[in-house]
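Below: the structure, in structure tokens.
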2 protein chains.
Amino acid sequence: MLSKKTKYAIRALIALGERYQKESVNISFIAETEKIPKKFLEQILLELRNAGFLYSKKGAGGGYSLLKDPQEINLVQVMRLTGGPIAQLPCVSLNFYQRCDECKEESTCGIRDTFKDVRDATLKILSETTIADLIAKEKRLAG
Amino acid sequence: MLSKKTKYAIRALIALGERYQKESVNISFIAETEKIPKKFLEQILLELRNAGFLYSKKGAGGGYSLLKDPQEINLVQVMRLTGGPIAQLPCVSLNFYQRCDECKEESTCGIRDTFKDVRDATLKILSETTIADLIAKEKRLAG
DNA sequence: AAAATGTCTACTAATTCTGTATACTTTATA
DNA sequence: TATAAAGTATACAGAATTAGTAGACATTTT
């Protein structure tokens with residue numbers, strides 16, 4: 001399951017992406033328009049900032065803006081940052097690998113093999129989907 | 001993430017599938033050979049039994065055996081039974097649908113749209129993979 | 001009768017996820 | 001220069017989920 005945290009992060013990036021190279025936005029505004037608990041959102045935006053996605057400015061009139069081009073931010077990046085592994089099995093995760101402790105022989109595990117395929121398929125879709133795509137898609141769907 | 005429960009269920013089905021229409025196996029044996037906590041496994045096998053996958057016999061010399069053909073049991077069935085939804089978003093789940101409470105308009109949600117694709121790709125792989133496939137795959141991998 | 005097995009339900013422990021609280025720093029501006 | 005409006009940082013708390021344990025019971029074989 002996608003965590004709320006990740007979902008909120010994506011929504012916030014969409015909101016910021018819509019104003020890319022235009023205005024900056026403050027946390028309260030995003031929290032209200034996207035129905036995200038403000039304090040929780042603070043943490044999330046902070047992480048995104050520390051990871052280099054966002055620029056922030058303190059003080060009156062301050063706020064957040066997107067540093068990277070929305071076309072350059074895909075969902076794999078966001079998910080790994082806020083939600084951890086993409087893979088459904090730790091022994092198949094590229095960035096958060098962990099051996100299964102009850103596993104006899106990793107190399108002959110059929111479950112592992114199958115979930116590698118699932119991981120690859122998921123990774124393909126999510127890495128090909130950018131914040132810019134989501135913005136465009138939502139505009140299109142809203143028609 | 002795949003729950004331990006689901007993973008244990010799959011492993012147990014593989015163990016039983018290897019003896020399909022041959023011997024029956026008791027819980028303790030599976031628990032030991034697959035390194036699964038016995039009491040936990042009891043619950044899992046019971047669920048599989050109640051769902052019609054297994055036949056069981058009580059008493060001395062009793063045990064479990066597979067009722068369905070391993071070729072007829074795919075991973076989607078097992079996962080839905082023991083782990084719940086396959087989809088990573090509740091609003092995209094076929095069998096466990098739930099609306100997202102912070103969602104403004106489901107029909108124009110780009111996240112939803114993307115995770116529908118992920119669900120479909122996952123579903124395809126998992127529905128095409130049967131217990132028999134896993135058994136064959138493990139034999140092959142073991143060389 | 002005794003031992004070996006599965007059945008059933010309730011409980012507990014551990015972990016993870018969500019969200020809150022609080023104190024602090026920086027900036028604009030009146 | 002004081003004040004208010006922002007973001008920064010860390011710690012904590014509550015809720016939900018997952019994992020695992022306990023114990024009494026039912027059935028079957030020997």
Side-chain angles (χ1 to χ4, degrees), chain A residues 1-9 11-12 16 23-32 34-67 79 81-85 88-90 96 98 100-102, chain B residues 1-9 11-12 16 23-32 34-67 79 81-85 88-90 96 98 100-102:
Chain A
M1 275 288 168
L2 201 67
S3 67
K4 296 249 181 186
K5 190 174 170 189
T6 300
K7 209 168 151 200
Y8 292 160
R11 288 247 72 90
L16 290 163
E23 328 89 70
S24 74
V25 189
N26 65 45
I27 297 177
S28 300
F29 178 81
I30 301 178
E32 278 161 34
E34 304 294 338
K35 290 200 238 168
I36 302 171
K38 189 184 164 197
K39 281 305 217 174
F40 196 15
L41 182 59
E42 279 184 12
Q43 293 175 29
I44 295 166
L45 292 180
L46 198 56
E47 270 186 68
L48 289 170
R49 186 204 104 107
N50 290 337
F53 290 92
L54 306 181
Y55 166 83
S56 66
K57 198 179 164 198
K58 286 183 181 180
Y64 277 101
S65 51
L66 202 53
L67 257 187
M79 286 185 68
L81 189 68
T82 59
Q88 298 203 41
L89 273 182
F96 300 84
Q98 258 187 299
C100 303
D101 28 271
E102 80 283 2
Chain B
M1 275 286 168
L2 199 67
S3 66
K4 296 249 183 184
K5 190 174 170 189
T6 300
K7 209 168 149 200
Y8 293 159
R11 287 248 71 91
L16 289 163
E23 326 88 73
S24 74
V25 189
N26 66 46
I27 297 177
S28 300
F29 178 82
I30 300 178
E32 278 163 34
E34 303 294 339
K35 289 201 239 168
I36 302 171
K38 187 184 164 196
K39 279 305 218 174
F40 197 15
L41 182 59
E42 280 183 12
Q43 291 175 31
I44 297 166
L45 293 180
L46 197 56
E47 270 187 68
L48 290 170
R49 186 203 104 106
N50 291 336
F53 290 93
L54 306 181
Y55 167 83
S56 67
K57 198 181 164 197
K58 286 184 179 178
Y64 276 102
S65 51
L66 201 53
L67 258 187
M79 287 184 67
L81 189 68
T82 61
Q88 298 202 42
L89 274 183
F96 300 85
Q98 257 187 299
C100 302
D101 29 272
E102 81 284 0

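Protein chains get the first letters and strands the later ones, always in sequence-line order, with residue 1 at the start of each.
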Do you know the tightest heavy-atom contact between [X] and [Y]?
| X | Y | result |
| --- | --- | --- |
| B/Pro85 | A/Met1 | CG-CE, 3.5 Å |
| B/Leu45 | B/Ile27 | CD1-CG1, 3.8 Å |
| B/Pro37 | B/Tyr8 | CD-OH, 3.9 Å |
| A/Thr82 | A/Ser3 | O-OG, 4.4 Å |

Whole angstrom is fine here: how far is it from [atom1] in [X] over to [atom2] in [N]?
| X | N | atom1 | atom2 | answer |
| --- | --- | --- | --- | --- |
| B/Phe40 | C/dA14 | CZ | C1' | 12 Å |
| A/Asn50 | D/dG7 | CG | P | 14 Å |
| A/Phe96 | C/dT16 | CZ | P | 13 Å |
| A/Lys57 | D/dA4 | NZ | P | 20 Å |
| A/Gln98 | C/dT16 | CD | C1' | 14 Å |
| A/Lys4 | D/dA16 | NZ | P | 11 Å |
| B/Leu48 | C/dT7 | CG | C1' | 15 Å |
| A/Asn26 | D/dT8 | CG | C1' | 15 Å |

Nearest-nucleotide pick for A/Lys58, side chain only, options being D/dT10, C/dG6, D/dA6: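 Closest nucleotide among those given: D/dA6.
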Where the side chain of A/Tyr64 is concerned, which of D/dT8, D/dA11, C/dA10 is the nearest nucleotide?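 The closest nucleotide is D/dT8.
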Tell me which of A/Pro37 and A/Gly59 sits closer to the 5' end of DNA chain C, going by the nucleotide each one is nearest to. A/Pro37
Residue whose nearest DNA chain C nucleotide is more 5′ - A/Gly61 or A/Ser3: A/Ser3
Assign [X] to base, sugar-phosphate, or nothing according to its heavy-atom contacts below 4.0 angstrom with the strands shown.
| X | value |
| --- | --- |
| A/Ile27 | sugar-phosphate |
| B/Lys39 | base |
| A/Phe29 | nothing |

Does [N] have OP1 or OP2 sitting under 4.0 Å from an N or O in the side chain of [X]?
| X | N | result |
| --- | --- | --- |
| B/Tyr8 | D/dG20 | yes |
| B/Arg49 | C/dT7 | yes |
| A/Ser28 | D/dA6 | no |
| A/Lys38 | C/dG19 | no |

Verdict with supporting geometry, B/Phe53 and B/Leu81, side-chain contact (heavy atoms from CB on, under 4.5 Å): CA-CA 11 Å; B/Phe53 290 93; B/Leu81 189 68; 3.9 Å; yes
Please state whether the base of C/dT20 and the side chain of A/Glu42 form at least one donor-acceptor pair under 3.5 Å?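 It does not, because no donor-acceptor pair links the side chain of A/Glu42 to the base of C/dT20 below 3.5 Å.
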Using five pairs at each end of the helix from C/dA1-D/dT30 to C/dA30-D/dT1 to define an axis, what is the angle between those two axes, to 10°?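 Result, rounded to 10 degrees: 10°.
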First of A/Leu46 and A/Gln43 reached from the 5' end of DNA chain D, by closest nucleotide: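 Result: A/Leu46.
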Evaluate the criterion side-chain contact (heavy atoms from CB on, under 4.5 Å) for residue pair B/Lys39 and B/Gln43; output intermediate values, then yes/no. CA-CA 7 Å; B/Lys39 279 305 218 174; B/Gln43 291 175 31; 5.8 Å; no
State whether A/Arg11 and B/Glu102 are salt-bridged, where the test is any N-O pair (Lys NZ or Arg NE/NH1/NH2 against Asp/Glu carboxylate O) under 4.0 Å.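 So A/Arg11 does not pair with B/Glu102 through a salt bridge.
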Scan residues 46-62 of chain A for pairs that pass salt bridge (Lys or Arg N to Asp or Glu O under 4.0 Å), counting only residues two or more places apart or in two chains. A/Lys5-A/Glu47
